[in-house]
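Just so we're on the same page: letters track the sequence lines, and every chain starts at 1.
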2 protein chains.
Amino acid sequence: MKNTIRVERAILNISQAELAERVQVTRQTINAIELGKYSPSAVLAIKIARVFGKKMEDVFELEEGD
Amino acid sequence: MKNTIRVERAILNISQAELAERVQVTRQTINAIELGKYSPSAVLAIKIARVFGKKMEDVFELEEGD
DNA sequence: ACTTTAAGTAAAATATATTTTACACAATGG
DNA sequence: CCATTGTGTAAAATATATTTTACTTAAAGT
């Protein structure tokens with residue numbers, strides 16, 4: 001599962017901590033997902049995409065092995 | 001997390017077992033998600049939506065408490 | 001130099017999703 | 001009747017996501 005969280009955060013100019021707060025998870029969770037260490041739940045993925053005003057699939061993309 | 005899996009299956013006329021096979025999970029997993037017993041991973045949610053030729057958010061919707 | 005902010009990381013604990021095996025029940029077609 | 005298909009369910013095991021606490025480093029500002 002690839003994602004464009006870093007770019008979207010840059011556009012909004014918000015930190016991992018602030019994104020975490022907005023979607024009600026910890027900063028470590030955002031960091032891990034942003035770095036591709038694991039993929040989020042569907043609920044969290046939708047919430048993150050919403051912060052960026054995008055559809056879930058415009059932020060998250062399947063990759064080989066998913 | 002609400003979903004329209006049952007309706008989409010009906011349109012395609014496929015069983016829970018066939019959907020499960022197409023997205024590479026067990027029939028019980030599809031059954032549980034379809035009945036709202038828990039919400040899927042982002043990866044699985046995208047795969048399911050793809051079977052129906054839809055965007056993830058057209059099949060899955062957040063609800064109170066998500 | 002000092003402090004603050006942002007990001008990366010890690011180990012242990014907890015929560016949640018998914019699998020496996022198995023049984024039950026209704027509907028249907030032979 | 002009998003076998004088959006589709007669905008609901010359940011308990012135990014395993015996998016994965018998320019939290020908590022805490023430490024490190026780099027960059028920026030004072």
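Atom NZ of B:K47 is separated from atom C1' of C:dA17 by 14 Å (rounded to the nearest Å). Residue A:Q24 contributes atom CD, which lies 14 Å from atom P of D:dT18 at whole-angstrom precision. To the nearest angstrom, P of D:dT7 lies 7 Å from CD of B:E34.
Candidate nucleotides D:dG8, C:dT18, D:dA10 were compared by shortest atom distance to the side chain of B:Q28, and D:dA10 ranks first. With C:dG8, D:dT9, C:dT20 as the choices, the nucleotide that has an atom nearest any side-chain atom of A:Q16 turns out to be C:dG8. Nearest to the side chain of B:I33, among C:dA22, C:dT9, C:dT18, sits C:dT18. The side chain of A:T26 lies closest to D:dT19, out of C:dG8, D:dT19, C:dA22. Proximity note for B:Y38 (side chain, C-beta onward) versus C:dT18, D:dT9, C:dG8: the nearest is C:dT18.
Using a 4.0 Å cut-off, some side-chain N or O of A:K37 falls inside it from OP1 or OP2 of C:dT9. In terms of phosphate contacts, A:R6 brings a side-chain nitrogen or oxygen within less than 4.0 Å of OP1 or OP2 of C:dG8. In this structure, B:N31 reaches the D:dG8 phosphate: one of its side-chain N or O atoms is under 4.0 Å from OP1 or OP2.
Side-chain contact between B:L19 and B:L12 is absent, with no heavy-atom pair separated by less than 4.5 Å. You'll find the side chain of B:I46 stays beyond 4.5 Å of the side chain of B:F60, heavy atoms only.
Note: the hydrophobic cluster containing B:I11 does not contain B:I14 (ILVMFWY, side chain heavy atoms under 4.5 Å, direct or indirect links).
One cannot find a donor-acceptor pair under 3.5 Å joining the base of D:dG6 and the side-chain atoms of B:R9.
Looking at heavy-atom distances under 4.0 Å, A:T29 makes contact with a base.
Within a 6.0 Å sphere centred on CD of A:E18, other residues, nucleotides and ligands contribute more than 12 heavy atoms.
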